[in-house]
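One structure below.
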Amino acid sequence: MLTNQTRKNILTNVKRILIKIGSAVLTGEEGLNLNIIEQLVDEIAELKRKGYEVMLVTSGAIASGKHRMGIKGDLKSMPQKQAAAAIGQGRLMRVYSNTFGKHGLFVAQILLTMSDLTDRKRFLNIRNTLSTLMDWGVIAIINENDTVAVDEIKFGDNDHLAATVTNIIGAHLLINLTSTDGLYDRNPLKSGEAKLLPLVEEITEKIEAMATEEANSVGTGGMKSKILAAKKVTAFGIPCIIAPGRRKDVLQDVLAGKEIGTLFLPMDECLTSRKYWIAFTLKSRGKLFIDEGAKKALLEQGKSLLPSGIAMVEGNFGVGDPATCVDRNGTPLAKGLVNYSAAEIRKIMGLKTSEVEQVLGYKDYDEIIHRNNLVLIK
Ligand code: GLU
């Protein structure tokens, strides 16, 4: 059972954090909300004092520039947005620089586009710069380089950018600060029944469907892009928290393991709990005797079990049942969920994957046990 202890366990190992702050948190009718910025900067300075390494991905340039120009309503064209970003970015940095300066902290501006990261050389340069800034204890403040970014070289939203940078710097956690309390099971603006999810073990289609694409008038991404960002980092083995950016002490409380926002568990964790379930909760319904080649593929190469590697079947299990893979002496090697029944496996064992359909008249899967459903027995 995943409890609040799970959250605490994950957060105690965190040292390097990427914090993403959305426009909806930082800006309001009056452009940049200086009180909120100060509140967050104070908190980040406190984290630094506690020994955390922190990097920021921050929006707010366009909203700030737009306010500067006295423009109400949406900006109409891409060049207008880019121009507003160019105006606002300087102000955004000045505010951060002054506010962090009160704590004796320096900031560095990093503006990135997608194409910077798909180019291997530039990617390495960026990573080296970011890691040097971290060594120097300087707060890197990252935003999309809106001046040059259009369409295919654009991240599109800062959630995507934040997820990418989280992976690049090997952060231990992405905290995505937003204007809502976290992920709700339905749109909280439309339904009073909406419930906040404190923990998401795995980002399934159902979870994705809970998020709307509707962004507020100042941000671009909406919850959908936050979920996609969470998906990207959790797939990488990094947890992500979507939390309310204006809540007082949000960062301290999140890191103390208090139940705030929505925590998305890293894939490794998911696999671990799922594999725990396969290994310890489910009772094996039969045995698959495998040959030396398959043994090597499973134990040393991280591969799935194919029909060709099976020499003998024991038991009478159905599709989806757990079975134990044993070597020719009967020593258990692995346990997993089978894609074919015992009767089917008896017909196709020893065959090449390409021959399965000929024998069975169908081939729903290439593997007898897919790697994702397999646990090695140590
Ligand atoms: N880069 C934009 C800005 O700083 C924001 C993009 C976004 O909100 O995702 O205003």
Side-chain angles (χ1 to χ4, degrees), residues 18-34 36-37 40-41 55-69 71-97 99 107-117 126 139-166 174-180 211-233 240 242-246:
L18 191 112
I19 300 172
K20 188 257 170 178
I21 316 179
S23 305
V25 174
L26 287 183
T27 60
E29 284 302 304
E30 298 306 310
L32 293 177
N33 184 326
L34 301 182
I36 291 293
I37 294 182
L40 285 169
V41 166
M55 240 176 228
L56 285 185
V57 166
T58 181
S59 307
I62 295 176
S64 165
K66 192 174 92 169
H67 180 256
R68 240 313 116 100
M69 297 309 292
I71 300 169
K72 298 259 184 287
D74 291 342
L75 292 169
K76 285 179 188 64
S77 63
M78 185 56 86
Q80 285 191 352
K81 287 184 192 158
Q82 291 173 294
I87 297 161
Q89 181 65 28
R91 172 154 169 79
L92 186 65
M93 282 311 294
R94 184 149 45 83
V95 171
Y96 274 122
S97 177
T99 324
V107 299
Q109 171 180 268
I110 309 272
L111 296 177
L112 297 176
T113 62
M114 184 65 131
S115 63
D116 293 327
L117 296 177
I126 293 161
I139 313 270
I141 300 191
I142 303 157
N143 197 354
E144 180 147 31
N145 189 352
D146 290 308
T147 304
V148 295
V150 285
D151 298 331
E152 69 276 14
I153 65 159
K154 216 170 153 33
F155 280 100
D157 59 68
N158 275 359
D159 295 313
H160 185 189
L161 172 61
T164 310
V165 176
T166 300
L174 166 62
I175 303 181
N176 198 337
L177 295 178
T178 180
S179 55
T180 68
T212 73
E213 269 174 49
E214 290 161 43
N216 38 49
S217 60
V218 279
T220 48
M223 191 48 83
K224 188 108 207 160
S225 77
K226 291 176 183 35
I227 302 286
L228 290 179
K231 206 168 168 179
K232 285 188 196 106
V233 301
C240 169
I242 297 178
R246 292 193 172 191

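First listed ligand is number 1; within each ligand, the first listed atom is number 1. Remember, it's a predicted structure, so these values are computed and weren't measured experimentally. Every heavy atom of this structure was used, including side-chain atoms; hydrogens, water molecules and symmetry mates were not.
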Ligand 1 atoms in contact with Asp157 (distance to a heavy atom under 4.0 Å)
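Once the distances to Asp157 are compared, the set is 9 (O).
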Pick whichever of Ser225, Ser23, Ala61, Ala24 has a heavy atom sitting closest to atom 3 (C) of ligand 1.
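Residue with the shortest heavy-atom distance to the ligand atom: Ala61.
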Ligand 1 and [X], any nitrogen or oxygen pair closer than 3.5 angstrom?
X: Asn143; answer: yes
X: Asp159; answer: no
X: Gly60; answer: yes
X: Thr58; answer: no

Testing the basics here: between Ala162 and Leu174, what is the closest heavy-atom pair and its distance to 0.1 Å?
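The pair with the smallest heavy-atom distance is CB-CD1, 4.1 Å.
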Over all atoms of both residues, closest heavy-atom pair of Lys20 and Asn176
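For Lys20 versus Asn176, the nearest heavy atoms are CD-OD1, 3.2 Å.
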Is there a donor in the side chain of Ser115 and an acceptor in the side chain of Thr113, or the other way round, less than 3.5 Å apart?
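Indeed, the side chains of Ser115 and Thr113 share at least one donor-acceptor pair under 3.5 Å.
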Audit row: Met223, Ile242, side chain to side chain contact (heavy atoms under 4.5 Å, CB included) steps and yes/no:
CA-CA 9 Å; Met223 191 48 83; Ile242 297 178; 3.9 Å; yes
How about Gln89 and Leu111: do any of their side-chain heavy atoms sit closer than 4.5 Å?
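In contact.
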